[in-house]
Amino acid sequence: SSRVLAGLPARCPAHAAMSPRAIFALLAAAWALAQRSVAFGVASLGADVGIRLWTWNSGKKDLSDEAARIFAQSDSTQIVAVCQQEARTALPMHMGAELNDTWKLIAFGEQKGWAGGKRNSQILSVFYRLPGEKVPDLHMHKAGWATPFIVKHRWAFETTLDGQVSATSRVHVRSIHGKGGASAVVRLTEMSSRKATRIAFVCGHLNSEHEERRDADLKALIAESARHGPDGMRSRYMGTLEEIIERPTVTEGLFDGRRQEDWLDAVVLFGDLNYRLRFRSEKYAMDNDYAMTNFLAGGWRSSAAEDDPLNPLGKFPKDFVTRQGWNLWCNQPHNKYIATYKRYDADACNRIIEDLSAYKTPRSDDGMRCFTNNTERNKPWKLKENGKFIQAGWIDRACFRIVDGSQARLTLVRDEAWHDVSDSDHVPVLFDLVFSRPTDFGA
């Protein structure tokens, strides 16, 4: 899990649209107080690196409870990465003094837009476990970005922390409808038990209205995440996404002679990816509450998984999740928990979960209230994109890939949805990964 920011005040009021400049102004004040000689603990990192991911599409203003829960039971975690979509406040602003003492913010990116028709942000925050008052060395950059209709700004920064870890961050404006994302490349220094490591974390809020644009955004976000220049803003040409992922051993031209330890070992993409179940009229009866409840929350979820575009074994897999394509691996949540979107009635959703835990078939009226907000039974369940996809589904996801040529390993060990948390039509999702790149791998 990735942990990052330290030195924040114990509590800050939620900000309506707080910029990175304001966030780091607060940090600077705290860091100035920390520039004194103190003893601090150093996390003991072995060959395995625990990585925790958390994603939520929500405009909730007070995230103190979520922050405490994210970092709970994290003894085996070294890195925590948080991806917020349609956010109105950054999660690092809601960490108490105890969390700030343990977790240092090493990467941050905020893309401002109008997702959902309201002013909000897509925010990536990456934290690193390092107890004590040691704080990151920060260098910040700003560059302009414009369209004929609106001017935006990209913030990026570089950090180093006690010689153990460094990072560069950047913001992407990739999509229409105010969506986009941010990414960070985190570098872990070489240790006796582990080679130097570079992992790209990509927080994405992909297009929800056009399948082709959604695919293009996913590919572009991953490709751009690998192009962090020396100052966190400028990017050298590094070829197509296929070249970045599949041919990391090229040392001339494509990679400008970069040293092998500068190559990416892994790419992790997570957030509101907006990949829904493909609708098949012969299978899904949208006016049948019993059937739709079972596909999204009951005993037919395995059947629904066949129509998930991120399922490589499904009927309609995207090229980037197949072995013949990029072999991007995405979590398969269908049998682990009920759909994470679109949630209207949290109480009804939780009654479904209680029924499932008691090996009962969920009630159709709970399914209707949970996912459709229908007060009348004669209203059919909703479709998206001119009837191509079912609106409700598992769209809050995580995907990752080890870069070809790296002998690293990345394993998903935990995948859970927080259906007990309300305040959004999305459910927060937490993932735990284990990354390893022992020195005896020889790559």
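The first residue of the sequence shown is numbered 1, and numbering continues consecutively from there.
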query = Would Thr293 and Asp366 satisfy side-chain contact (heavy atoms from CB on, under 4.5 Å), going step by step from the backbone distance to the final call?
reply = CA-CA 8 Å; Thr293 297; Asp366 280 338; over 6 Å; no

request  = Check salt bridge (charged side-chain N to carboxylate O under 4.0 Å, His left out) between Arg301 and all other residues, then give those that pass, not counting sequence neighbours.
outcome  = none

query = Under the side-chain contact (heavy atoms from CB on, under 4.5 Å) criterion, do Tyr341 and Asp425 qualify, and how do the steps go?
reply = CA-CA 6 Å; Tyr341 180 86; Asp425 55 2; 3.6 Å; yes

query = Is it true that Asp307 and Arg278 have a side-chain N and a carboxylate O under 4.0 angstrom from each other?
reply = no

Between CD on residue Gln84 and CH2 on residue Trp56, distance to nearest 0.5 Å = 9.5 Å

ask   = Side chains of Met368 and Arg363: does their closest heavy-atom pair fall under 4.5 Å?
value = no

inquiry  = Looking at every non-hydrogen atom in both residues, tell me the closest pair between Thr189 and Val165 and how far apart they are.
reply    = CG2-N, 4.4 Å

request  = List in chain and number order the residues that pass side chain to side chain donor-acceptor pair (under 3.5 Å) with Asp347, two or more places apart in sequence or in another chain; answer none if no residue qualifies.
outcome  = none

query = Does Asp319 have any salt bridge (charged side-chain N to carboxylate O under 4.0 Å, His left out) partners at least two apart in sequence or in another chain, and if so, which?
reply = Lys219

query = How close do Leu218 and Leu206 get, heavy atom to heavy atom, and via which atoms?
reply = CB-CD1, 3.8 Å

key: Where Val267 and Leu264 come nearest, the two heavy atoms and their spacing   = CG2-CD1, 4.0 Å

query = If you round to the nearest 0.5 Å, how far is CD1 of Ile70 from CG of Asp65?
reply = 11.0 Å

inquiry  = For residues 296-358, which residue pairs pass the disulfide (SG to SG under 2.5 Å) check, not counting sequence neighbours?
reply    = Cys330-Cys399, Cys349-Cys370

key: With sequence neighbours excluded, residues passing salt bridge (charged side-chain N to carboxylate O under 4.0 Å, His left out) with Arg414   = Glu416, Asp432

key: Results of salt bridge (charged side-chain N to carboxylate O under 4.0 Å, His left out) for Lys60 - residues two or more places apart only   = Glu66, Asp423

message = With a 4.5 Å cut-off on side-chain heavy atoms, are Lys342 and His426 touching?
response = no

message = Which label fits Trp300 and Phe295: parallel for a plane angle under 30°, tilted from 30 to 60°, or perpendicular past 60°?
response = perpendicular

Pairwise side-chain contact, Lys283 with Ser303, heavy-atom cut-off 4.5 Å (strictly under) = yes

Note, Ser74 side chain near Arg129 side chain (heavy atom, < 4.5 Å) = yes

task = Could you walk me through whether Gln78 and Gln164 pass the side-chain contact (heavy atoms from CB on, under 4.5 Å) test, one step at a time?
result = CA-CA 11 Å; Gln78 283 77 51; Gln164 293 190 38; over 6 Å; no

task = Could you tell me whether the side chains of His205 and Asp272 share a donor-acceptor contact shorter than 3.5 Å?
result = yes

message = Is any side-chain heavy atom of Leu161 closer than 4.5 Å to one of Thr159?
response = no

request  = With rounding to the nearest 0.5 Å, note down the distance linking CD1 in Ile402 to CG in Asp265.
outcome  = 7.0 Å

task = Measure from the side-chain N and O atoms of Gln111 to the backbone N and O of Gly180, and report whether any donor-acceptor pair falls under 3.5 Å.
result = yes

query = Would you call Glu211 and Lys318 a salt bridge, using N to O less than 4.0 angstrom?
reply = yes

task = Please determine if Arg401 forms a cation-pi arrangement with Trp326, meaning its NZ or CZ atom is less than 6.0 Å from the six-membered ring centre and no more than 45° off the ring axis.
result = no

ask   = Is Glu209 salt-bridged to Lys384, cutoff N-O under 4.0 Å?
value = yes

inquiry  = Could you check whether any side-chain heavy atom of Leu356 comes within less than 4.5 Å of a side-chain heavy atom of Pro362, counting everything from C-beta outward?
reply    = yes

ask   = Is there a donor-acceptor pair under 3.5 Å between the side chain of Asn57 and the backbone N or O of Ser424?
value = no

key: Donor-acceptor pair between Ser302 and Asn335 side chains, under 3.5 angstrom   = yes

ask   = Distance from Leu433 atom CG to Asp48 atom CG, nearest 0.5 Å?
value = 12.0 Å

task = Compare every heavy atom of Ala346 with every heavy atom of Ser422, then report the nearest pair and how far apart it is.
result = CB-CB, 4.1 Å

inquiry  = Other residues, nucleotides and ligands only: do more than 12 of their heavy atoms fall within 6.0 Å of NZ on Lys118?
reply    = no

message = Measuring only between side-chain heavy atoms, which start at C-beta, is Gln332 closer than 4.5 Å to Asn311?
response = yes

ask   = Hey, does the Lys NZ or Arg CZ of Arg276 hover above the aromatic six-ring of Tyr284, less than 6.0 Å from the centre and inside 45° of the axis?
value = no

ask   = Can Arg351 and Asp355 be said to form a salt bridge (Lys or Arg N to Asp or Glu O under 4.0 Å), step by step?
value = CA-CA 6 Å; Arg351 284 196 297 270; Asp355 285 342; over 6 Å; no

request  = Indicate yes or no: at least one non-hydrogen side-chain atom of Trp394 is less than 4.5 angstrom from one of Asp308.
outcome  = no

inquiry  = For Thr55 and Gln85, which I'm curious about, is there any donor-acceptor pair between the side chains at under 3.5 Å?
reply    = yes

ask   = So does Asp365 pair up with Arg369, basic N to acidic O under 4.0 Å?
value = no

key: Parallel, tilted or perpendicular, as decided by the 30° and 60° cut-offs, for the rings of Phe371 and Trp381   = tilted

message = Check this for me: Lys336, atom NZ, are more than 12 non-hydrogen atoms of other residues, nucleotides or ligands nearer than 6.0 Å?
response = yes

request  = Measure from the side-chain N and O atoms of Arg187 to the backbone N and O of Ala196, and report whether any donor-acceptor pair falls under 3.5 Å.
outcome  = no

ask   = What heavy-atom pair brings His210 and Asn207 nearest, and what distance separates the two atoms?
value = N-OD1, 2.8 Å

inquiry  = With rounding to the nearest 0.5 angstrom, report the CZ to CG distance, Phe270 to Leu430.
reply    = 10.5 Å

task = Find the distance between CE (Met292) and CE (Met286) and round it off to the nearest 0.5 Å.
result = 4.0 Å

inquiry  = Testing the basics here: between Tyr290 and Thr361, what is the closest heavy-atom pair and its distance to 0.1 Å?
reply    = CE1-CG2, 4.2 Å

task = Using only heavy-atom distances, determine whether the side chains of Asp289 and Ser364 contain a donor-acceptor pair under 3.5 Å.
result = no

ask   = Is the Tyr275 ring parallel, tilted or perpendicular to the Phe320 ring (thresholds 30°, 60°)?
value = perpendicular

task = Give the C-alpha distance, both sets of side-chain angles, the deciding distance and a yes or no for side-chain contact (heavy atoms from CB on, under 4.5 Å) between Gln122 and Lys112.
result = CA-CA 6 Å; Gln122 284 42 253; Lys112 295 183 179 179; over 6 Å; no

